[in-house]
There are 2 protein chains.
Amino acid sequence: MQLNRREDVPVYRQIALVLQQRIDAGEWGASGQLPTEPLLTAEFGVNRLTVRQAIAELERAGSVVVRHGKGVFVAPPFTRAEIVVDAASQQVDMGSVHLTVVEAADQLYERVVGSADEGDPEASSHLGLPVAHLQRVDTILGLHDATAAVLTSYWLDRHRFGDLVSRWAGDVTLPAILRAAYGIELGYDWRGFSAVAAGLADSEHLGVAVGHPLLVRDGVSVDESGAPVYYLRRRYPGERVKFILRFRDSGI
Amino acid sequence: MQLNRREDVPVYRQIALVLQQRIDAGEWGASGQLPTEPLLTAEFGVNRLTVRQAIAELERAGSVVVRHGKGVFVAPPFTRAEIVVDAASQQVDMGSVHLTVVEAADQLYERVVGSADEGDPEASSHLGLPVAHLQRVDTILGLHDATAAVLTSYWLDRHRFGDLVSRWAGDVTLPAILRAAYGIELGYDWRGFSAVAAGLADSEHLGVAVGHPLLVRDGVSVDESGAPVYYLRRRYPGERVKFILRFRDSGI
DNA sequence: CACGATTTGTTCGTATGTATT
DNA sequence: AAATACATACGAACAAATCGT
């Protein structure tokens with residue numbers, strides 16, 4: 001394989017492109033294992049660091065998975081949990097994540113991992129409350145058996161829900177708490193979808209690399225009178241979930 | 001600043017954490033410029049590559065922006081284009097991106113950047129056609145004045161739309177072509193939202209780093225009879241767009 | 001406009017640590 | 001325990017972008 005050392009495109013990127021082409025061609029199809037770093041170093045005639053930069057690029061792209069002490073492997077295709085929202089009926093199960101595990105709802109848990117009297121400009125504007133009136137509660141939502149996890153931040157009026165965390169006996173979801181302890185029946189106001197890179201804290205909680213793409217689902221939930229109760233921002237590892245908005249009748 | 005060389009957490013990560021804390025504290029608030037690599041190297045008493053690894057981590061996290069020849073800067077807060085979908089009415093303007101630029105729809109363009117007789121398992125299953133019957137068309141959608149861009153792949157029946165690309169006179173969107181050249185009036189069947197990392201090709205087209213989080217919006221569009229016309233997969237730079245699903249009446 | 005100073009980008013070389021088999 | 005493979009860190013050199021003189 002020839003590399004253009006004078007090209008304006010760096011050597012490590014050229015190597016990444018070549019390896020990506022070989023992956024697409026299914027070159028290492030069976031085991032899915034790429035040649036080791038020393039082998040690639042020898043083949044391309046470059047420094048090991050340069051090879052590592054190429055591999056790191058492919059890892060960030062999601063093309064390969066690097067396993068310490070084992071090797072570099074072609075990334076397996078992901079299977080996303082699908083969460084369907086019916087546009088017409090507006091009927092969506094509370095909490096959404098229930099839908100992915102509707103057959104195992106009792107295995108669902110939500111655990112508080114942190115809270116602070118900390119506002120957020122966006123939360124403030126969506127709730128119509130000054131930043132100083134807000135508290136933030138961070139939780140991990142997931143299945144007992146799976147390593148899977150979802151990270152959520154809620155912002156609530158701290159004058160009204162100041163004792164929320166102390167009332168939060170583990171392993172129940174927030175809608176359940178609000179129903180039991182405050183008599184509030186929640187409904188959706190709106191939900192937004194966007195994508196961000198995992199920050200240092202996200203990385204810790206979700207067990208993904210810094211910069212890993214996260215699907216962000218934020219929004220406001222309201223009580224029966226339509227008054228806002230909280231603003232939430234939920235982050236899912238991007239390759240694990242897909243929200244589907246269905247416009248036509250599902251034909252039932 | 002003290003670093004634990006024996007800790008199980010790498011030095012470059014400890015440095016990244018310290019820098020992140022300083023960013024959160026607003027330490028370099030005015031100019032937003034962090035100390036130069038040589039300065040950080042001196043302060044932490046480590047190699048320059050170690051400092052660079054820390055900065056690269058923060059860059060991937062979206063905390064800083066690195067500019068060649070200039071320096072490292074605290075990342076400015078992003079402003080997303082918001083695209084609102086009304087869940088009740090099911091009425092969404094065709095193409096969606098129109099909504100972000102509804103005041104400048106004539107400045108919108110869609111340009112074919114590639115096409116191939118190439119199927120896709122997912123496209124195949126959603127369209128109910130064998131992989132061999134599909135063609136793929138890749139386009140860039142954006143504004144003439146902006147660097148902003150959206151990358152889209154369409155999969156269509158190549159027996160029915162084999163001459164689509166040749167009929168695609170530049171700067172028009174696909175729905176417009178299908179209406180003009182084939183007499184098809186499109187409608188949504190469903191749309192999905194997920195997140196992926198930018199691959200090498202995505203990176204080129206969108207002008208973002210490899211691994212950059214992309215919001216993926218895929219789905220099937222149908223004709224008036226409800227028959228599928230194409231499956232599309234559209235990728236947006238994550239920090240630039242937010243889709244909003246509104247459940248309650250907008251109060252008009 | 002040219003040139004140098006500053007700052008980040010790329011590449012090489014080397015050594016040692018840690019996970020896996 | 002030894003061999004293999006990836007992870008971290010240090011030192012050095014030159015390239016490329018930016019900016020002021």
Side-chain angles (χ1 to χ4, degrees), chain A residues 1-19 28 31-60 63-75 200 203 207-211, chain B residues 1-19 28 31-60 63-75 200 203 207-211:
Chain A
M1 181 48 56
Q2 304 228 31
L3 300 178
N4 296 326
R5 308 299 289 234
R6 305 180 164 281
E7 202 77 17
D8 59 343
V9 43
V11 173
Y12 76 88
R13 202 174 284 267
Q14 295 181 46
I15 294 177
L17 279 167
V18 170
L19 295 179
W28 306 292
S31 67
Q33 180 163 16
L34 275 66
T36 65
E37 291 175 358
L39 284 175
L40 292 172
T41 297
E43 178 190 348
F44 291 106
V46 298
N47 189 269
R48 179 162 165 235
L49 180 60
T50 306
V51 166
R52 280 180 63 75
Q53 280 186 74
I55 293 173
E57 194 93 326
L58 293 178
E59 188 180 29
R60 283 192 290 272
S63 298
V64 302
V65 177
V66 182
R67 276 177 246 179
H68 192 170
K70 299 189 72 174
V72 181
F73 301 84
V74 176
L200 301 184
S203 166
V208 299
V210 170
Chain B
M1 180 48 57
Q2 302 227 33
L3 300 178
N4 295 328
R5 308 299 287 235
R6 306 182 163 281
E7 202 77 18
D8 60 342
V9 43
V11 173
Y12 76 87
R13 203 175 283 268
Q14 295 181 46
I15 294 176
L17 279 167
V18 170
L19 295 179
W28 306 292
S31 68
Q33 180 163 15
L34 274 66
T36 66
E37 291 175 359
L39 284 175
L40 292 172
T41 297
E43 179 191 349
F44 291 107
V46 299
N47 188 271
R48 181 172 160 228
L49 273 185
T50 306
V51 165
R52 280 181 62 77
Q53 275 187 79
I55 293 173
E57 195 94 326
L58 294 177
E59 187 179 29
R60 284 192 289 272
S63 297
V64 302
V65 177
V66 182
R67 277 178 245 177
H68 190 174
K70 298 190 71 174
V72 182
F73 301 83
V74 177
L200 302 185
S203 165
V208 299
V210 170

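Computed from heavy atoms alone, side chains included, the values below leave out hydrogens, waters and symmetry copies. Residue numbering restarts at 1 for every chain, and letters A, B, ... go by the order of the sequence lines.
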**Message:** Between B:V72 and B:E59, does the side chain to side chain contact (heavy atoms under 4.5 Å, CB included) criterion hold? Intermediate values first, please.
**Reply:** CA-CA 9 Å; B:V72 182; B:E59 187 179 29; over 6 Å; no
**Asked** A:V11: what forms a side chain to side chain contact (heavy atoms under 4.5 Å, CB included) with it, not counting sequence neighbours?
**Response** A:L3, A:R5, A:I15, A:V46, A:T50
**Minimum heavy-atom distance between B:A209 and B:S203, given as atom pair plus value** = C-OG, 4.0 Å
**Message:** Is it the case that D:dA9 (base atoms only) and B:R48 (side chain only) share a donor and an acceptor within less than 3.5 Å, ignoring hydrogens and angles?
**Reply:** no
**Message:** Which is more 5' along DNA chain C, the nucleotide nearest B:P38 or the one nearest B:L49? Just name the residue.
**Reply:** B:P38
**Message:** Can you list everything that forms a side chain to side chain contact (heavy atoms under 4.5 Å, CB included) with A:P38? Sequence neighbours excluded, please.
**Reply:** A:T36
**Request:** Determine, stepwise, if the pair A:L19 / A:W28 fulfils side chain to side chain contact (heavy atoms under 4.5 Å, CB included).
**Result:** CA-CA 10 Å; A:L19 295 179; A:W28 306 292; 4.0 Å; yes
**Request:** Measure distances between side-chain N and O atoms of B:H68 and base N and O atoms of D:dA16, and say whether any donor-acceptor pair falls under 3.5 Å.
**Result:** yes
**Start and end of the DNA chain C segment that chain B contacts, any atom under 4.0 Å from a heavy atom** = C:dT7 to C:dT10
**Asked** What is the minimum heavy-atom distance between B:V9 and B:Q14, and which atoms define it?
**Response** O-NE2, 2.8 Å
**Request:** Answer with base, sugar-phosphate or nothing: what part of the nucleic acid does B:Q53 contact at a heavy-atom distance below 4.0 Å?
**Result:** nothing
**Fill in**
The side chain to side chain contact (heavy atoms under 4.5 Å, CB included) partners of B:R67 (sequence neighbours excluded) come to B:V65, B:K70, B:F73
Could you go through nucleotides 19-21 of chain D and list every protein N or O atom that sits under 3.5 Å from one of its N or O atoms, giving the distance for each pair?
{"from": "D:dC19", "atom 1": "OP1", "to": "B:K70", "atom 2": "NZ", "distance (Å)": "3.3"}

**Message:** Give me the atom names and distance for the closest heavy-atom approach of B:I55 to B:V64.
**Reply:** O-CG2, 4.1 Å
**Request:** Grab the CD-C1' distance between B:E57 and D:dA9 for me, whole Å please.
**Result:** 15 Å
**Message:** With a cut-off of less than 4.0 Å, is there a side-chain N or O of A:T36 near OP1 or OP2 of D:dT4?
**Reply:** no
**Prompt:** Between atom CD in B:E37 and atom P in D:dA12, what is the gap in whole Å?
**Reply:** 17 Å
**Asked** Roughly how many Å is it from CG in B:L3 to C1' in D:dA9, rounded to a whole number?
**Response** 13 Å
**Message:** Could you work out, with side chain to side chain contact (heavy atoms under 4.5 Å, CB included) as the rule, every residue matching B:L17, not counting sequence neighbours?
**Reply:** A:L200
**Request:** For D:dG11, give its Watson-Crick or G-U wobble partner with both distances under 3.5 Å, or none.
**Result:** C:dC12
**Message:** What is the distance, to the nearest angstrom, from the CG atom on B:L40 to the P atom on D:dA9?
**Reply:** 15 Å
**Request:** Report the distance from atom CZ of B:R52 to atom P of D:dT8, rounded to the nearest whole Å.
**Result:** 17 Å
**Asked** Which part of the nucleic acid, if any, lies within contact of A:R67, taking any heavy atom under 4.0 Å across all strands shown: a base, the sugar-phosphate backbone alone, or nothing?
**Response** sugar-phosphate
**Asked** Could you state the CG-P distance from A:N47 to D:dA12, rounded to the nearest angstrom?
**Response** 16 Å
